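Not measured: the values here are computed from a predicted model. Excluded from the calculations below are hydrogen atoms, water molecules and symmetry mates; all remaining heavy atoms, backbone and side chain alike, are included.
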Amino acid sequence: MQILVVGATGVLGRQVVPRLVERGHSVRAVVRRPEAAHALAAAGVELAAGDILDAGSLLLAAAGCDVALHLATAIPKPGGNWSRNDRIRREGTRNLLAAAAAHGVRRYVQQSIAMLYGDTGQTVADESAPLQPGPVIQSAADMEQMVRAAALDWCILRGGLFYGAGAGLEEEWRQAAGAHTLQLPGDGRDLISLIHVVDMARAVLLAAEGARRGSVYNVVDDEPAHYADLLAYVAAQAGAPPPQAGGPRRLASFACSNARIKRDLGWQPAY
């Protein structure tokens with residue numbers, strides 16, 4: 001298949017693109033600076049100069065494609081500005097959906113986030129749970145609504161919090177543990193659903209090749225983790241004492257089930 005990838009140079013895209021190539025797909029990547037995308041070009045990827053916020057560039061890039069993957073994000077560092085990420089989710093999604101519809105793209109795969117379920121407490125949510133987005137992630141709910149309304153063969157993948165190559169999460173925790181500043185959010189009982197970026201990439205590949213129309217999947221590890229267990233493990237890896245309770249709760253407690261994607265697409269997390 002001819003697959004259009006928007007977000008090919010991001011944390012997830014860097015894992016998705018080589019897997020598409022390995023499966024024999026032709027990949028066209030939308031990149032803002034083709035001259036800087038040497039690794040993609042060397043892998044045989046066709047480069048299309050453009051930006052998800054430039055509707056005209058996407059309209060050109062989508063011509064002749066069978067599948068479009070929206071993997072673009074601009075997640076800021078803690079305390080940073082979320083405005084560009086919000087624009088990517090709202091304006092960018094609108095642009096890519098329009099380009100896909102204009103060229104009869106057969107399938108559209110949207111990266112989304114499992115945090116949309118809000119604070120699930122100690123309950124494990126499946127895809128039927130209502131969405132309860134906070135203000136910071138309202139744009140992700142708006143993005144999903146646009147996808148659902150599109151007359152396309154679409155699939156939404158709600159990923160857990162990324163770890164693994166390029167995600168940066170573990171390194172932040174290890175540095176804090178080494179400096180003895182790692183703290184549990186609250187009392188550490190909150191849950192978090194994680195996903196290794198490689199496992200997320202494998203889910204994108206399966207969705208691109210065979211997701212049914214109108215499907216929504218949680219893409220998370222087999223078991224959500226209590227912060228107390230997770231961060232104690234990180235501290236032990238760093239040879240540091242267990243983290244103390246009382247830190248800020250930057251994320252609501254969220255725990256998700258991956259049963260549906262296992263059943264429907266035969267996906268299994270490697271990590």
Side-chain angles (χ1 to χ4, degrees), residues 1-34 36-73 88-89 92-112 143-144 146-147 150-159 162 165-166 195 197-217 219 261 264-267:
M1 293 187 294
Q2 178 76 48
I3 300 181
L4 180 68
V5 182
V6 183
T9 59
V11 172
L12 178 57
R14 291 197 299 269
Q15 299 293 335
V16 169
V17 168
R19 286 169 171 80
L20 294 172
V21 173
E22 287 169 1
R23 297 279 287 185
H25 299 297
S26 298
V27 178
R28 182 180 299 155
V30 175
V31 292
R32 281 182 283 176
R33 296 176 57 232
H38 303 299
L40 291 175
V45 173
E46 179 187 354
L47 303 181
D51 189 301
I52 194 168
L53 299 178
D54 179 350
S57 69
L58 294 188
L59 193 60
L60 290 173
C65 290
D66 303 297
V67 181
L69 307 182
H70 184 339
L71 311 180
T73 59
I88 287 171
R89 285 174 171 166
T93 299
R94 187 179 304 114
N95 291 341
L96 186 54
L97 287 169
H103 287 290
V105 173
R106 181 169 56 83
R107 179 168 291 139
Y108 179 98
V109 178
Q110 177 68 61
Q111 176 193 356
S112 188
M143 173 185 72
E144 286 201 9
M146 281 187 278
V147 173
L152 296 171
D153 183 351
W154 56 263
C155 173
I156 294 171
L157 300 176
R158 293 177 181 153
F162 283 5
I195 185 65
V197 66
V198 166
D199 285 327
M200 184 70 185
R202 293 170 55 248
V204 172
L205 175 63
L206 290 171
E209 292 182 336
R212 60 181 173 80
R213 184 186 181 98
S215 53
V216 179
Y217 295 112
V219 190
I261 191 171
D264 289 1
L265 298 184
W267 176 88

If we only count heavy atoms from C-beta on, is the Ile88 to His70 side-chain gap below 4.5 Å?
-> yes
Do the side chains of Trp154 and Val109 get nearer than 4.5 Å, heavy atoms only?
-> no
Is Ile261 close to Val219 at the side-chain level, that is, under 4.5 Å between some pair of heavy atoms?
-> yes
When you measure from the side chain of Arg14 to the backbone N and O of Thr9, does any donor-acceptor pair fall under 3.5 Å?
-> yes
Taking the side chain as every heavy atom from C-beta outward, state whether Gln15 and Met200 have any atom pair closer than 4.5 Å.
-> no
Looking only at heavy atoms, what is the nearest atom pair of Ala68 and Val105, with distance?
-> N-CG1, 3.6 Å
Taking only residues two or more places apart in sequence, or in another chain, which ones meet Asp264 in a salt bridge (charged side-chain N to carboxylate O under 4.0 Å, His left out)?
-> Arg212
Enter the distance from Gln110:CD to Arg158:CZ here, rounded to the nearest 0.5 Å.
-> 11.0 Å
Can you see which heavy atom on Ala41 is nearest to which on Leu47, and at what distance?
-> CB-CD1, 4.1 Å
d(Cys155 SG, Leu206 CG) to nearest 0.5 Å is 10.0 Å
Given side chains that start at C-beta, do those of Gln2 and Arg28 come closer than 4.5 Å, heavy atoms only?
-> yes
For Asp153 and Arg213, run salt bridge (charged side-chain N to carboxylate O under 4.0 Å, His left out): C-alpha distance rounded to whole Å, both residues' side-chain angles, the deciding distance at 0.1 Å, then the answer.
-> CA-CA 5 Å; Asp153 183 351; Arg213 184 186 181 98; 5.3 Å; no
Reported CG-to-CZ distance for the pair Leu152 and Arg107, which is rounded to 0.5 angstrom | 11.5 Å
Would you list the atom pairs, donor with acceptor, under 3.5 Å between side chains in residues 56-63 and any protein atom, with sequence neighbours excluded?
unit_1, atom_1, unit_2, atom_2, d
Ser57, OG, Asp51, N, 3.1
Ser57, OG, Asp51, O, 3.2
Ser57, OG, Asp54, O, 2.8

Over all atoms of both residues, closest heavy-atom pair of Ala8 and Leu40 = CB-CD1, 4.1 Å
Value for CG (Asp199) from CD1 (Ile195), rounded to nearest 0.5 Å, stands at 4.5 Å
Does Glu46 reach the side chain of Ser26, with side-chain heavy atoms less than 4.5 Å apart?
-> no
Value for CG (Leu53) from CZ (Arg94), rounded to nearest 0.5 Å, stands at 10.5 Å
Provide the closest heavy-atom pair for Ala55 versus Asn95 in the form atom of the first, atom of the second, distance.
-> CB-OD1, 3.5 Å
Of the non-hydrogen atoms in Leu4 and Cys65, which two are nearest, and what is the gap between them?
-> CB-SG, 3.7 Å
Approximate separation, where rounding is to 0.5 Å, of Gln111 CD and Thr73 OG1 | 5.5 Å
Do you know which two heavy atoms are closest between Gly50 and Val30, and how far apart they sit?
-> C-CG1, 3.6 Å
Are side-chain heavy atoms of Leu20 and Leu69 found at a separation under 4.5 Å?
-> yes
Do Val198 and Arg19 come within less than 4.5 Å of each other through their side chains, counting heavy atoms only?
-> yes
